[in-house]
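Within every chain, numbering begins at 1; the chains are lettered A, B, ... in the order of the sequence lines, protein sequences first and strands thereafter. Heavy atoms only: backbone and side chains are in, while hydrogens, waters and symmetry mates are out.
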Protein chains: 2
Amino acid sequence: MNRVIRVLVADDHAVVRAGIVALLAAEPDIEVVGEAVDGEQAVELALALLPDLVVMDVRMPRLTGDAATARIRERSDTVRVLVLTTYESDASILSAIEAGASGYLLKAAPAEELIAGVRSVAAGEVALSPAIAAQLVSRMRMPAPSALTTRETEVLRLVAEGLSNRAIGERLFVGEATVKTHLVRAFEKLGVNDRTRAVTLAMERGLI
Amino acid sequence: MNRVIRVLVADDHAVVRAGIVALLAAEPDIEVVGEAVDGEQAVELALALLPDLVVMDVRMPRLTGDAATARIRERSDTVRVLVLTTYESDASILSAIEAGASGYLLKAAPAEELIAGVRSVAAGEVALSPAIAAQLVSRMRMPAPSALTTRETEVLRLVAEGLSNRAIGERLFVGEATVKTHLVRAFEKLGVNDRTRAVTLAMERGLI
DNA sequence: CCCGAAGTCCACCGATCGGTTGACCCGAGA
DNA sequence: TCTCGGGTCAACCGATCGGTGGACTTCGGG
């Protein structure tokens, strides 16, 4: 039998932290060695405590789970990261995995799945919720699934705020024609033909 | 000293349930007598177990926290309800209170606040997160804050799907002119002047 | 019984949007 | 070096949207 799996829990919600801790602490081979309430603290504690893995929420103040994951992975190749999210449609799934996360589970997952995920990741394997795995596969089939460019995303974000094309142009210091170009391209990528649907779809996918 | 406070916990996320249970069970005067994984089960267990209060999540499968609260209050005047939400902008705050909830706390609240809230509600008082209390007050100042009519909400929902005014009219079996009327009124109530912002704002407020 | 809220509908007009085509610049990579 | 993707801009046109003002019906409550 290996030594105990040392875990750092990072989530801004006290209730969720307590839940993860309660579920994990009940397992004899898992020990919770610390808790962080935001992304920055997660990075600090991860580097100070060097746990086997960090169970990390995606949406946190000060530093998102993605960014925190990237920073931890940059500075340590022993600390693995298991990301938790509420929304399976979250676009951050891809970025978290790119950032070096070893697992991605839904908060709606049953306790056994979380615990099994912790053990898998600690053993060097990958842990994915079925719903998330399915989504990854479907994204693989679609070559350019979302992949909005920086500018397109910026424009769409301002559209969501209700700005007109002209106003967006002024805000970004470009011509209205440019704004329209970005929008038309975003429409094509999203498979829609009006700004409102583009915004709601982008929101569903966590793009903006 | 009074007898122990008997609590039913209702949340669809195993992690959150475990968290609430862990936090409450640590208090000597609080006992968790049951857990429900959705709204319908919350109603059933509340009526079967008759706890002093139900700690209920707003967003749950099968039956929302609002609706479950209303049903419980209809059938029992001893079981109180303390509602938990992730989003302070949730429009369900009002409907939950109308439905008879005795408290409304944010999941981001610290553990002490949750525990204090449980004791307050069990004692017959009202418990509100500061952020939520502030929002209630601001709504009081604005006489008709959101209050979109049924039709306006329907129209806005279809706008969110990217339909044109004409298409919405066809879908609802009314003229395009009618759709525009509803939209203009919704714009006034929301304080915006374009459909996209109207949709994003309505989403933020949980209106659609 | 009358009033107001909600829902329905119409016409008109200027502003904006969406679609199209074509063009230029720049930087990264084949 | 040349290509390609990302970003920039222009002109044009039909379609749609937003704003205004008015009108009619129904239904529930004062």
Side-chain angles (χ1 to χ4, degrees), chain A residues 91 94-95 98 139 142-203 205 207-208, chain B residues 91 94-95 98 139 142-203 205 207-208:
Chain A
L94 286 182
S95 53
E98 280 170 18
R139 295 220 180 182
M142 296 266 285
S146 54
L148 293 182
T149 68
T150 309
R151 218 49 169 165
E152 286 159 4
T153 305
E154 280 177 325
V155 169
L156 218 46
R157 219 185 298 269
L158 294 174
V159 168
E161 289 179 22
L163 301 191
S164 68
N165 291 342
R166 183 204 314 277
I168 293 170
E170 288 168 7
R171 187 79 77 87
L172 298 179
F173 305 108
V174 299
E176 182 186 350
T178 306
V179 173
K180 295 177 71 170
T181 302
H182 289 310
L183 271 183
V184 168
R185 297 210 177 125
F187 292 172
E188 287 169 8
K189 291 179 182 177
L190 294 171
V192 304
N193 42 32
D194 80 277
R195 51 177 50 220
T196 305
R197 181 58 186 147
V199 165
T200 59
L201 196 58
M203 284 179 160
R205 300 192 182 170
L207 301 175
I208 57 177
Chain B
L94 286 183
S95 52
E98 280 170 20
R139 293 221 183 182
M142 296 267 284
S146 54
L148 294 182
T149 68
T150 309
R151 217 48 168 168
E152 286 158 4
T153 306
E154 279 177 324
V155 169
L156 218 47
R157 218 185 298 268
L158 293 174
V159 168
E161 289 179 20
L163 301 192
S164 68
N165 291 342
R166 185 205 314 276
I168 293 171
E170 288 168 9
R171 187 78 77 87
L172 298 179
F173 306 109
V174 299
E176 182 185 351
T178 306
V179 173
K180 294 176 72 170
T181 302
H182 289 310
L183 271 183
V184 169
R185 296 206 178 130
F187 291 173
E188 287 169 8
K189 291 179 182 176
L190 294 171
V192 304
N193 42 30
D194 81 277
R195 53 177 50 220
T196 304
R197 180 59 186 147
V199 165
T200 58
L201 196 57
M203 284 179 159
R205 300 193 182 168
L207 300 175
I208 58 177

Quick check: closest heavy atoms across B:L207 and B:L190, and the distance to 0.1 Å?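 Smallest interatomic distance, heavy atoms only, reads CD1-CD2, 4.0 Å.
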Write down the atom of B:R197, the atom of A:G162, and the distance for their closest heavy-atom approach.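 B:R197 and A:G162 have their closest heavy atoms at CB-CA, 3.4 Å.
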Pick one: which of B:R157, B:R185, B:K189, B:K180 meets salt bridge (Lys or Arg N to Asp or Glu O under 4.0 Å) with B:E152?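 When salt bridge (Lys or Arg N to Asp or Glu O under 4.0 Å) is applied between B:E152 and each of B:R157, B:R185, B:K189, B:K180, only B:K189 qualifies.
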Verify side chain to side chain contact (heavy atoms under 4.5 Å, CB included) between B:I168 and B:L172, making sure each step is shown before the conclusion. CA-CA 6 Å; B:I168 293 171; B:L172 298 179; 3.9 Å; yes
Whole-Å distance between C:dG18 P and A:R197 CZ?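 Roughly 15 Å, once rounded to whole Å.
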I'd like to compare against my own output: the B/S/- annotation of nucleotides 25-30 of chain D with a strict under-4.0 Å heavy-atom distance to protein. ------
Which parts of nucleotides 7-20 of chain D does protein reach within less than 4.0 Å, heavy atoms only, written one letter per nucleotide 5' to 3' as B for base, S for sugar-phosphate only and - for none? BBBB-B---SSBB-
Could you tell me if the side chain of B:R195 sits less than 4.5 Å from the side chain of B:N165, heavy atoms only?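 Answer yes - side chains close enough.
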Can you name the one residue among B:T196, B:D194, B:T200 that meets side-chain hydrogen bond (donor to acceptor under 3.5 Å, both in side chains) with A:T196?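 Option passing the side-chain hydrogen bond (donor to acceptor under 3.5 Å, both in side chains) with A:T196: B:T196.
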Short side-chain to backbone donor-acceptor contact, A:T178 and A:V174, under 3.5 Å: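 No; judged by distance alone, with no hydrogens or angles, the pair does not exist.
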Chi angles and distances behind the side chain to side chain contact (heavy atoms under 4.5 Å, CB included) call for A:L183, A:L156: CA-CA 7 Å; A:L183 271 183; A:L156 218 46; 3.8 Å; yes
